Amino acid sequence: MVLFAEPGARWRSVAYGPALCAVILVLELVTGGRPHWFALIFCGAAIGGFVALQVVAGQRHVSVELTAEQLRQGTEVLPLRNIAAVLPERDEDSWDDLDWESARALGELHGVPRRRTGIGLQLRDGALVQAWARDHRGLRAALEEAVAAANCAEPTDSAAPAEPGEPAAQVPGTVPADDDREDGAQR
């Protein structure tokens with residue numbers, strides 16, 4: 001069952017260039033001018049072909065799919081059982097960057113794709129990564145529910161206090177409540 005999906009690119013965008021060339025051809029025919037058949041057909045086909053390549057690349061490299069078992073970002077698949085926590089969203093009023101904002105983005109691209117927003121994830125091995133989506137709030141909500149469900153099925157005590165009164169382990173990328181220093185260092 002798919003909990004969240006973004007296709008990355010849509011096939012309807014392939015038709016925009018040829019449709020514009022067809023409108024220009026109709027305008028040339030209606031106004032009585034000499035129609036540029038070859039140029040408009042060639043341009044429509046070329047634009048459609050280039051956009052089709054972009055759609056294929058977009059669907060392969062910038063699509064997102066979240067199921068109850070895994071998160072797929074482009075061609076990279078991350079099992080939900082490997083995710084320990086979905087980290088808090090960046091505070092837009094804060095001057096400080098969170099640790100996860102400089103972490104590796106999931107997928108085979110070098111960073112978070114354009115017009116997408118990163119979501120910090122802490123993996124069970126302690127590593128930080130960034131998931132991303134255009135509708136990042138929708139993905140964040142679906143991820144939080146799916147990770148909570150996956151963690152309920154597989155209980156771990158890595159973030160639980162070892163003894164009563166002992167502080168819980170800090171999630172990287174967050175600031176502890178008792179820390180009021182600007183540099184984020186512990187006292």
Side-chain angles (χ1 to χ4, degrees), residues 1-11 54-94 96-179 183-186:
M1 176 172 79
V2 176
L3 306 174
F4 180 87
E6 284 184 354
R10 300 191 189 281
W11 282 105
Q54 290 179 327
V55 169
V56 169
Q59 288 183 345
R60 182 172 299 148
H61 302 291
V62 224
S63 60
V64 178
E65 184 177 87
L66 174 67
T67 65
E69 295 84 29
Q70 65 187 19
L71 169 65
R72 183 182 55 77
Q73 301 259 228
T75 58
E76 184 174 352
V77 176
L78 177 66
L80 291 184
R81 68 180 178 274
N82 292 352
I83 301 174
V86 178
L87 301 177
E89 193 169 349
R90 172 176 169 65
D91 181 12
E92 294 299 325
D93 296 330
S94 174
D96 299 326
D97 289 336
L98 298 174
D99 291 338
W100 64 261
E101 291 180 290
S102 60
R104 177 183 77 83
L106 293 174
E108 67 282 351
L109 300 176
H110 292 290
V112 174
R114 287 182 14 183
R115 295 187 296 273
R116 278 38 178 205
T117 302
I119 300 168
L121 300 177
Q122 180 184 12
L123 302 181
R124 292 211 184 270
D125 64 2
L128 298 176
V129 294
Q130 286 188 70
W132 42 263
R134 187 170 283 193
D135 177 16
H136 63 99
R137 289 188 175 91
L139 177 58
R140 176 179 292 280
L143 258 174
E144 287 172 347
E145 288 180 25
V147 168
N151 286 342
C152 286
E154 232 180 88
T156 61
D157 55 358
S158 62
E163 296 290 323
E166 183 179 318
Q170 179 186 352
V171 175
T174 63
V175 178
D178 64 339
D179 183 13
D183 63 358
Q186 293 289 334

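It should be emphasised that the depicted structure is a prediction, and the values quoted were computed from it without experimental measurement. Index from 1, following the sequence.
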Point to revise | side-chain contact (heavy atoms from CB on, under 4.5 Å) between Asn151 and Leu80, worked out | key: CA-CA 9 Å; Asn151 286 342; Leu80 291 184; over 6 Å; no

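- Across all non-hydrogen atoms, the minimal contact from Val56 to Trp11 is CG2-CH2, 3.7 Å.
- Heavy-atom minimum distance, Val77 versus Gln70: CG1-OE1, 3.2 Å.
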**Study point:** Asp135/Val64 under side-chain contact (heavy atoms from CB on, under 4.5 Å): CA gap, chis, key distance, verdict
**Key:** CA-CA 10 Å; Asp135 177 16; Val64 178; over 6 Å; no

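- In terms of heavy atoms, Gly58 sits closest to Ala9 at CA-CB, 4.1 Å.
- In this structure, Ala105 and Gly111 approach most closely via the heavy-atom pair CB-C, 3.6 Å.
- Side chain of Trp132 to backbone of Leu106: a donor-acceptor contact under 3.5 angstrom is found.
- How far CG of Leu87 is from CG of Asp99: 9.0 Å, rounded to the nearest 0.5 Å.
- No donor-acceptor pair under 3.5 Å is formed between the side chain of Gln122 and the backbone N or O of Ala84.
- The distance from atom OG1 of Thr117 to atom CG of Leu139, rounded to the nearest 0.5 Å, is 10.5 Å.
- Minimum interatomic distance between Leu66 and Leu143 (heavy atoms only, all atoms of both residues): CD2-N, 3.7 Å.
- The heavy-atom pair separating Leu109 from His61 by the smallest distance is CD1-O, 3.9 Å.
- Sorted by first and then second residue, the salt bridge (Lys or Arg N to Asp or Glu O under 4.0 Å) pairs involving residues 106-121 (not counting sequence neighbours) form an empty list.
- At least one side-chain heavy atom of Val86 sits less than 4.5 Å from a side-chain heavy atom of Leu121.
- Between the CD1 atom in Ile119 and the CD atom in Glu89 there is a gap of 8.0 Å [rounded to 0.5 Å].
- Sequence neighbours left out, the pairs with a member in residues 54-79 that pass salt bridge (Lys or Arg N to Asp or Glu O under 4.0 Å) are Glu76-Arg104.
- For the pair Arg124 (side chain) and Arg81 (backbone), a donor-acceptor distance under 3.5 Å is present.
- Formation of a donor-acceptor pair under 3.5 Å by the Gln130 side chain with backbone atoms of Val112 is not found in this model.
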